[in-house]
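Everything on this sheet refers to the single structure shown next.
Keep in mind that this is a model prediction, so the values were computed, not measured.
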Amino acid sequence: MATQLRSEGNKPRIDCSEEEWKARQELAACYRIFDHMGWCEGIYNHITLRVPGERDAFLINPFGLMWDEVTASNLIKIDPDGNKLSDSPYPVNLAGFTQHATFHQALHWAHAIVHTHTPDTMAVCCSKEGLTPTNFYSCFFEGLVGYHDFEGITVRKEEGERLVRNLGNRQVLMLRNHGPVLMGKTLYEMFFLYYMFQRACEVQVKTYSIGEPVMVPPEVIEIHQRDRDEMLVDEFGKLDFEAWTRRIDKIDTSWRE
């Protein structure tokens, strides 16, 4: 039977609405999936999610915990400045939340945001050409990726205006010499976009290591993206997210607590 993300038989262990508890469980599941896939950086990097019905409240991982230690109840609820809105014995990595807060505040639709430092995505961010249309996955993103030049650790709010400007109307921003930021209208959408982006970078790195890649012609990319758009359905990425949730449930269900 498919695992369902719901509170039935697993009531909130903290004082919050049912909507927030569901969001907490789904975000905790997302952290566990990323950890299972090897897309984490120890206690660093973040996946953030806007609390349903609360414009200026977000959920973030506790600073100091590995991603396989994140649970629904230990996620921290914070405001746009990183101040805690709920009791937690854990600190918040304010430096890491700066760029997330910038996008959450500037883009009303950006409900879920992830920033990672995986070797393959960082390698592509460090390359002069960036992501190239050389494989099935990267062709999905052609023309949909923004670039932001490296300015050091992203901790200064004044950099935010440039981050938003360089993102434009896209959902992916490659921080040059650093790593990617992806965002979605839902957690499901963000997850599946990241899955495809990670794959695109993995294949690109491997392709360039064995020789000159074959570039996909613009007219083929146009057809590829047209067919992609016809396949998009409501709650894009939800089936994939639920499938990976079933996988991590077989390993450990503590994320639900």
Non-hydrogen atoms of Pro52 and Ala23 that approach each other most closely: CD-CB, 3.7 Å
Can you name the closest pair of heavy atoms from Ser254 and Thr71 and give their distance? O-CG2, 3.4 Å
Would a distance-only check, ignoring hydrogens and angles, find a side-chain to backbone donor-acceptor pair under 3.5 Å from Arg32 to Val70? yes
Is it true that Glu142 and His224 share a donor-acceptor pair across their side chains at a distance under 3.5 Å? no
How many angstroms lie between atom CG of Leu49 and atom CD1 of Ile60, to the nearest 0.5 angstrom? 11.5 Å
To the nearest 0.5 angstrom, please state how far the CH2 atom of Trp255 sits from the CG atom of Asn74. 13.5 Å
Tell me, yes or no, whether the heavy-atom count around Asn169 atom CG, taken from other residues, nucleotides or ligands under 6.0 Å, exceeds 12. no
Where does the angle between the aromatic ring planes of Phe191 and Trp39 fall among parallel (under 30°), tilted (30 to 60°) and perpendicular (over 60°)? tilted
Indicate if Ile78 and Ile113 have the same hydrophobic cluster label, given that clusters are the connected sets of ILVMFWY residues with side-chain heavy-atom separations under 4.5 angstrom. no
N/O donor-acceptor pair under 3.5 Å between Glu20 side chain and Asp15 backbone: no
Search all heavy atoms of Met190 against all heavy atoms of Gly184 and return the closest pair with its distance. CB-N, 3.8 Å
Val172 side chain reached by Leu144 side chain, heavy atoms, under 4.5 Å: no
So how far is it from His104 NE2 to Phe97 CZ, rounded to the nearest 0.5 Å? 5.5 Å
Should Gln171 and Phe197 count as side-chain neighbours, where that means a heavy-atom distance under 4.5 Å? no
Are Val181 and Val164 linked, directly or through other ILVMFWY residues, by side chains that come within less than 4.5 angstrom of each other? yes
Any non-hydrogen side-chain atom of Phe141 less than 4.5 Å from a side-chain atom of Leu193? yes
Without swapping roles, check the side chain of Asn45 against the backbone of His117 for a donor-acceptor pair under 3.5 Å. yes
Going only through I, L, V, M, F, W and Y residues with side-chain contacts under 4.5 Å, is there a path from Phe236 to Leu27? yes
Do other residues, nucleotides or ligands put more than 12 heavy atoms under 6.0 Å from the CZ atom of Arg228? yes
Side chain Glu41, main chain Thr118, donor-acceptor under 3.5 Å: no
Within the side chain of Arg24, is there an N or O that forms a donor-acceptor pair under 3.5 Å with the backbone of Leu75? yes
With side chains defined as the heavy atoms from C-beta onward, is the minimum distance between Met183 and Leu167 less than 4.5 Å? yes
Would Leu175 and Leu163 satisfy side-chain contact (heavy atoms from CB on, under 4.5 Å), going step by step from the backbone distance to the final call? CA-CA 9 Å; Leu175 307 180; Leu163 286 166; 3.7 Å; yes
Side-chain heavy atoms nearer than 4.5 Å, only ILVMFWY residues, links allowed to pass through others: does that put Met196 and Phe136 together? yes
Separation of Met37 CE from Trp244 CH2 (nearest 0.5 Å): 4.0 Å
Sequence neighbours left out, what pairs pass side chain to side chain donor-acceptor pair (under 3.5 Å) with at least one residue falling in residues 83-94? Asp79-Asn83
Minimum heavy-atom distance Leu131-Cys201, with the two atoms named: CD1-SG, 4.2 Å
Heavy-atom closest pair, residues Pro91 and Ile76: O-CD1, 3.6 Å
Please confirm whether the backbone N or O of Phe241 pairs with a side-chain atom of Thr245, one donor and one acceptor, at under 3.5 Å? yes
Contact list for residues 93-107, test salt bridge (charged side-chain N to carboxylate O under 4.0 Å, His left out), sequence neighbours left out: none
Using side-chain heavy atoms (C-beta onward) and a distance below 4.5 Å, is Gln105 in contact with Phe58? yes
Identify the two heavy atoms, one from Cys125 and one from Pro180, that lie closest to each other, and give their separation to 0.1 Å. SG-N, 3.8 Å
Evaluation steps, side-chain contact (heavy atoms from CB on, under 4.5 Å), between Asn135 and Thr207: CA-CA 9 Å; Asn135 66 70; Thr207 302; 5.6 Å; no
Where do Asp35 and Met66 land on the side-chain contact (heavy atoms from CB on, under 4.5 Å) test, with the steps shown first? CA-CA 9 Å; Asp35 178 78; Met66 300 289 280; 5.7 Å; no
Is there any salt bridge (charged side-chain N to carboxylate O under 4.0 Å, His left out) pair reaching into residues 173-190, and which pairs are they, with sequence neighbours excluded? Asp149-Arg176, Lys185-Glu189
About how many Å separate CZ of Arg246 and CD1 of Ile33, when rounded to the nearest 0.5 Å? 10.5 Å
Tell me, do Arg256 and Asp249 make a side-chain contact under 4.5 Å, heavy atoms counted? yes
Contact check, side chains of Tyr194 and Thr121, non-hydrogen atoms, under 4.5 Å: yes
Side chain to side chain contact (heavy atoms under 4.5 Å, CB included) with His148: which of Met174, Arg165, Arg162, Gln99? Arg162
Should the ring pair Tyr195 and Phe192 be called parallel, tilted or perpendicular, given that the plane angle runs from 0 to 90° and is split at 30 and 60? parallel
Calculate, to the nearest 0.5 Å, the distance between atoms SG and CD1 belonging to Cys30 and Ile248 respectively. 9.0 Å
Any side-chain donor paired with an acceptor under 3.5 Å for Tyr137 and Glu202? no
Aromatic plane relationship, Tyr31 with Trp67 - under 30° parallel, 30 to 60° tilted, over 60° perpendicular: perpendicular
Which pairs with one or both residues in residues 50-71 pass salt bridge (charged side-chain N to carboxylate O under 4.0 Å, His left out), sequence neighbours excluded? Glu54-Lys77
Let me check something: any side-chain donor-acceptor pairs from residues 208-219 under 3.5 Å, sequence neighbours excluded? List them with distances.
from   : atom 1 : to     : atom 2 : distance (Å)
Tyr208 : OH     : Glu129 : OE1    : 3.2
Tyr208 : OH     : Thr132 : OG1    : 3.2
Ser209 : OG     : Lys206 : O      : 2.6

Does Tyr44, at its OH atom, have more than 12 non-hydrogen atoms belonging to other residues, nucleotides or ligands within less than 6.0 Å? no
Under a single-linkage definition using a 4.5 Å side-chain heavy-atom cutoff for Ile, Leu, Val, Met, Phe, Trp and Tyr, are Met122 and Val145 assigned to the same hydrophobic cluster? no
Look only at the side chain of His115 and the backbone of Leu182, and say whether a donor-acceptor pair between them is shorter than 3.5 Å. no
Donor-acceptor contact present, side-chain Ser73 to main-chain Glu257, <3.5 Å: yes
Please name all residues satisfying ring pair (Phe, Tyr, Trp, His ring centres under 6.0 Å) with His46, sequence neighbours left out, ordered by chain then number. His100
Does some side-chain heavy atom of Asn61 sit less than 4.5 Å from a side-chain heavy atom of Ile47? no
